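A short worksheet on the structure shown next.
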Protein chains: 2
Amino acid sequence: MTDEQWTPPVVLLAVDLVILTLRESRLQILLVERGIEPYKGALALPGGFLQHSEESLIAAAHRELSEEADIDVATLTLEHLGVYGDPGRDPRGRVVSVAYLAIAPWLPEPTAGTDAANAEWQAVDRVLSGELELAFDHRRIVADGVERARVKLEHSALATAFCGPTFTITDLQEVYEAVWGIRLDPRNFYRKVQKTDGFIVAAGSERKSATGRPARLFKAGPRKVLYPPMVRPTELSTQKEQQ
Amino acid sequence: MTDEQWTPPVVLLAVDLVILTLRESRLQILLVERGIEPYKGALALPGGFLQHSEESLIAAAHRELSEEADIDVATLTLEHLGVYGDPGRDPRGRVVSVAYLAIAPWLPEPTAGTDAANAEWQAVDRVLSGELELAFDHRRIVADGVERARVKLEHSALATAFCGPTFTITDLQEVYEAVWGIRLDPRNFYRKVQKTDGFIVAAGSERKSATGRPARLFKAGPRKVLYPPMVRPTELSTQKEQQ
DNA sequence: CAAATAGTGTCTGTCAGACAGTATTGA
DNA sequence: TCAATACTGTCTGACAGACACTATTTG
């Protein structure tokens, strides 16, 4: 805190949303086509400025989500992801953006005739690889969000949030495979997930597949923090050194 | 984004700093006594407003750190901790605060005759227990920072940052015990830390204690991300008795 | 010698990876 | 019957917790 004569700098506060879902066994992200400058016509994360002084950050995030993507807010849990506030990241001035992450089992196609008409799902791979260009520093935000999701999958029951209300163990395995980007042994996965107490509970019925033995259905259990965690095999070979 | 006539709300952007260190085998945090209203005279985290529009958040954090605590910035690594921006958290208006976390091996007493004269170290326990009252929502920020430090201790070589340039394995164990708030078996800790490749390397000399066999000295190894991680014992990991 | 701290060896239970084998369906 | 998917049993190696034991110092 400095002296009384000093006046604070003008800062614009925005929220950006990383909305992930699983479609066609691939991790996908919700993007919008920008309708105004800067970066008009480019793809970007849903988001926007805080609307008024009394609006909380999370409320702004929820508002943008329903405005731009026509998504039922109640079904999603938004989690703080990070702050992106470097000077120069936005040509309109000093914009500090707070990013939120949400993960959902299933989300509808963008609805024509609404603000969300220009929203679309894209495979996360295409963003991370650079095949799709994003406005501002949004690619970096996406990368942070995906890494967060991968870590959360290990230590929380998040994976069930990607599934519907009931699911088979194979469904759940496909979530891990899609988010982690690797293949898992179905037999070992089956045992592991069954013995992680409170992770999933039997739903009592079965689902027939096109061919083969019907699979038992499960639903999400009460446990939100997994012990022991689901370990991501890629860590075994990771020799990265970073701070 | 809304129409062109709309003007963005005024938001004040601040940084707050959670500076942790180990003193007398206890986890301690740097606090300052506020010199101005609101909460004049109360204890608070070091921090303050962004000074001008072109100042980056991390630069503001570094500036506050040197102004308020007279700490050499180069020795510390600041890490983004979170954003605290609820309306009403500051009576002066809408203040959004970005919190940073730093962890240091050893830090000097606050220097008299500087801006840092009213800075002081306090045991984290006393803050978390509510014995010490903090201004604003700073107790919550401290809790988040301590939990972050505990998790980082598991997966990174952070613990060596709490020690001096060389240390014994018992020194390192005391770091884990202080931050995690639990006791560890010294024999198992010894083996575990030795076989985590790249975590610590022998420094070649020994340190005599008041009594007992001298201990070998080590220094931080090249590895920053630990595999396998140091696992924090959980109440859930208690050994099951025979059925 | 005792007391104290440093460091080693080893048993045991748990668990992940590998993979052979069994169960149940539709065609 | 076969093909496909769902599930079970079991071996093995790695590792954490427990703890007896040895090593080296001061007093």
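Proteins get letters first, then strands, A, B, ... in listed order; numbering begins at 1 in each. What you see is a predicted model, and the numbers here were worked out from it, not measured in a lab.
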- Find the distance between OH (B/Y190) and OG1 (B/T168) and round it off to the nearest 0.5 Å. 9.5 Å
- Nearest whole angstrom, please: distance from the C1' of D/dA16 to the CZ of B/R232. 17 Å
- Item | Atom-to-atom span, CZ of A/F167 to P of D/dA6 - whole angstrom | 14 Å
- Within a radius of less than 6.0 Å around CD of B/E147, do more than 12 heavy atoms belonging to other residues, nucleotides or ligands occur? yes
Show the distances under 3.5 angstrom between N or O atoms of the protein and N or O atoms of nucleotides 24-27 of chain C.
from, atom 1, to, atom 2, distance (Å)
C/dT24, O2, A/R213, N, 3.4
C/dT25, O2, A/G212, N, 3.4

- Task: Output all residues satisfying ring-ring contact (aromatic ring centres under 6.0 Å, His included) with B/Y176, sequence neighbours left out; order by chain, then residue number.
- Result: B/W180, B/F189
- Message: Taking atom CG as the centre, does B/D197 end up with more than 12 heavy-atom neighbours from other residues, nucleotides or ligands that are less than 6.0 angstrom away?
- Response: no
- Report the residue from B/R207, B/R216, B/K219 that forms a salt bridge (charged side-chain N to carboxylate O under 4.0 Å, His left out) with B/D171. B/R207
- Item | Short N-O contact, A/R140 and A/D144, less than 4.0 angstrom | yes
- Checking all strands, does B/T168 fall into the base, sugar-phosphate, or nothing category for heavy-atom contacts under 4.0 angstrom? nothing
- Can you find a side chain N or O atom of B/T170 that sits less than 4.0 Å from OP1 or OP2 on C/dA6? yes
- Could you go step by step and tell me if A/Q122 and A/L132 meet the side-chain contact (heavy atoms from CB on, under 4.5 Å) rule? CA-CA 9 Å; A/Q122 293 287 352; A/L132 283 179; 3.6 Å; yes
- Would you indicate whether A/N188, at its atom CG, is surrounded by more than 12 heavy atoms from other residues, nucleotides or ligands within a distance under 6.0 Å? yes
- Query: Atom OH of A/Y176 and atom C1' of C/dG17: how far apart are they, to the nearest Å?
  - Reply: 18 Å
- Message: Taking the nucleotide of DNA chain C with the nearest heavy atom to each, does A/P229 or B/A215 sit closer to the 5' end?
- Response: B/A215
- Item | Strand-adjacent residues in residues 179-202 of chain B, judged by heavy atoms under 4.0 Å from DNA chain C | B/R187, B/Y190, B/R191
- Task: Figure out the CD/P separation between A/Q173 and D/dT5, and round it to whole Å.
- Result: 12 Å
